[in-house]
Structure formats: structure tokens, C-alpha cells
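Encoded as C-alpha cells, the structure appears first; notes follow it.
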Amino acid sequence: MLVSAQEMLEKAVAGHYAIGAFNLNNLEWTKAVLKGAQESNAPVIVQVSEGAGKYMGGFKTIADLVKDLIESQGITVPVALHLDHGTYAGCQKCIKAGFSSIMFDGSSLPFEENEAKTRELVAACKALGMSIEAEVGAIGGEEDGVVGMGECADPDECKKIADLGVTMLAAGIGNIHGVYPEGWPGLRFDVLEAIKAKTGDMPLVLHGGSGIPDEMVQQAIRNGVAKINVNTECQIAFAKATRAYIEAGKDQKGKGFDPRKLLADGTQAITDMVKYKIEVFGSKDKA
Ligand code: 13P
């Protein structure tokens with residue numbers, strides 16, 4: 001059974017730790033993340049972008065897959081299934097498909113429109129017992145080879161969106177999706193503190209969780225971050241282990257073609273990364 005992310009996030013804020021939110025890409029990924037969370041006895045958020053939703057065969061397929069794996073793999077830790085960076089239409093689709101949580105990313109819209117659409121989706125989620133994440137301030141990332149630095153959130157806008165009754169709030173604080181560029185100045189703790197001062201116990205979300213030094217992540221958790229998104233580091237771990245398997249000739253020098261064997265080391269590398277991140281975030285044994 002899927003759960004809303006609300007209770008796990010409230011407990012994380014009270015206990016000063018963060019819940020890992022790991023992006024999914026395929027069947028192996030989904031099994032690997034659930035396994036890592038179970039072995040760590042940690043609550044977990046599994047999430048998909050709209051692109052991954054298409055790749056994996058649609059939101060309904062994903063909701064069924066995650067629910068069925070929870071049962072078949074004996075997963076007993078709390079699992080929330082969340083849409084990452086949803087459009088308004090994507091949010092509606094995931095509500096219908098049986099997700100337990102959504103993110104509406106209206107950060108690129110004029111603020112009033114972000115506010116109005118978030119308000120509407122908050123009402124829809126509340127009625128269904130689902131959790132909802134909103135975003136203020138753009139999170140940087142790579143587009144066409146150029147890494148954008150993003151735009152720090154305005155603490156007053158954060159308060160306005162928090163007051164709409166969202167479950168969690170993503171706020172740009174100098175974080176970037178993907179690999180951090182050389183010379184990245186680090187997270188803006190002054191901005192994070194100003195947001196925390198305005199939003200109180202609202203669980204804050206750190207996107208772009210890959211590649212931020214562990215101590216910096218832990219400082220962010222002390223300042224109110226309760227959900228941390230990780231995608232790129234799992235992808236790198238998967239690719240590296242899969243490549244190493246082939247380069248070591250374990251694929252019988254190209255003659256081995258059983259996908260279960262080819263992907264086994266990469267899949268285990270995802271589980272190992274999930275377990276490592278859960279330790280850093282402090283959510284081990286919090287299920
Ligand atoms: P990374 O790929 O940098 O870990 O970011 C993941 C993320 O924030 C997804 O929304």
C-alpha cells in the first residue's frame with residue numbers, strides 16, 4: 001500500500017532528519033530503491049518525472065508496478081509514490097492514476113498563477129488524503145550543455161505558498177539538478193534560514209541532492225530540509241557498475257547476453273547508493 005508523504009515528513013521535521021526521495025527509471029531501479037529503503041528500515045519517497053513516466057509506460061503502469069512490488073518484495077517500510085516537477089495536467093493524471101503524492105511545479109509561471117493553481121491542487125489532494133509539494137524560485141540545471149544557476153526563492157513568496165496548505169515546499173537556494181559545476185559556491189544558507197523563519201515547521205525540499213557534500217546536506221537538514229531528491233548519483237553509480245561489469249569481461253567478452261546478469265551489478269549499485277544516502281540523511285531505522 002502507498003502512503004501520503006505527510007506523516008513521514010512531519011516526523012522528519014520533528015526528529016531533525018530528512019526523507020530520501022529517489023527518482024525511478026525502470027523496473028530494476030524501482031526494485032533497487034525499495035530494497036535499499038527496506039534494508040535500511042527507512043521511510044522512502046519514490047518519484048518519477050513526467051519524462052520517466054512516459055518512458056516507463058505511463059503513470060498507471062508505474063502506480064501498479066510500485067504497489068505490486070511493495071507486496072511481492074515484502075516491503076514493510078512506508079512508501080510514498082510522488083510525481084516530480086509536475087505540470088498542472090501531469091498532476092491531474094497522477095491523481096487519477098493512484099499516486100499518493102504530487103509536486104506541482106509552477107515556479108516558471110507568474111507568481112499569481114502559481115499560487116492559484118497550487119491552491120486548486122491542494123484542495124484536490126486534501127480531499128483524497130494525498131500530499132502535495134509546491135515550488136518557489138527556480139532550481140538550476142543543465143540545458144543544452146549550459147548549467148543555469150537557478151534563482152533563489154523569495155521568503156515572502158514561500159510563506160504565501162506555504163500558507164495555502166501544501167505538505168512540503170521546494171525552494172531554490174542555489175541548488176542545481178545534475179552534476180554541480182566546478183566552482184559552485186554552495187547552498188545559500190542565509191536564504192534557507194530566511195525561508196525557515198517565515199515558514200516555521202513546513203518541511204522544505206532540497207532538489208539536486210546529488211553531489212552536495214554530506215556536511216552541507218546535514219547543515220541544510222538542521223535548517224529545516226526534510227525531503228532530499230536524488231537522481232543523478234544513482235544514475236552515475238548504475239552506469240559505472242554496468243560498465244565495469246562489461247569491461248571486466250564478466251559478460252563473457254560480449255557473448256553473455258542475459259539482461260538479468262548484465263544489469264545485476266548496476267542494480268545493486270543503486271541499492272548501495274540509496275542505503276548510503278539514507279545514512280547521511282539520518283532516516284535509517286525511522287520506519
Ligand atoms: P539530482 O539529479 O541532481 O540528484 O536532482 C534530482 C532532483 O532534484 C529531481 O527533482
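Atoms considered below: every heavy atom in the structure, side chains included; atoms not considered: hydrogens, waters and symmetry mates. Counting starts at 1 for both ligands and their atoms, following the listed order. Residue numbers start at 1 and run along the sequence shown.
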Enclosure of K196 NZ (heavy-atom neighbours >12, cutoff 6.0 Å): yes
Ligand-residue contact atoms, ligand 1 with N23, heavy atoms, under 4.0 Å: 9 (C)
Aromatic ring proximity, centroids under 6.0 angstrom, F22 and W29: no
Residue and atom name of the nearest protein heavy atom (relative to atom 10 (O) of ligand 1), distance in Å to one decimal: D84 OD2, 2.7 Å
Validation row: D265, K250 side chains within 4.5 angstrom (heavy atoms): yes
Centroid separation F99 to F59 less than 6.0 Å: yes
Over 12 non-hydrogen atoms of neighbours within 6.0 angstrom of NZ in K275: yes
Heavy-atom nearest neighbour in the protein, as seen from atom 8 (O) of ligand 1, with distance rounded to 0.1 Å: G208 N, 2.8 Å
Contact with ligand 1 for E233, non-hydrogen, under 4.0 angstrom: no
Ligand 1 to Q47 polar contact by distance, N or O atoms, under 3.5 Å: no
Close-contact set for ligand 1 against G178 heavy atoms, below 4.0 Å: 1 (P), 2 (O), 3 (O)
Test of proximity, N231 against ligand 1: N or O pairs below 3.5 Å: yes
Element-labelled atoms of ligand 1 that are located less than 4.0 Å from some non-hydrogen atom of H207: 8 (O), 10 (O)
T232: numbered ligand 1 atoms lying under 4.0 Å from its heavy atoms: 1 (P), 2 (O), 3 (O), 4 (O)
Distance from atom 4 (O) of ligand 1 to nearest protein heavy atom, with residue and atom: S210 OG, 2.6 Å
Crowding at NZ, K159 (>12 non-hydrogen neighbours, <6.0 Å): no
More than 12 heavy atoms from other groups under 6.0 Å of NZ on K117: yes
Crowding at CD, Q92 (>12 non-hydrogen neighbours, <6.0 Å): yes
Atoms in ligand 1 flagged as close to H85, the criterion being non-hydrogen separation under 4.0 Å: 10 (O)
Polar atom proximity, V230 to ligand 1 (N or O, under 3.5 Å): no
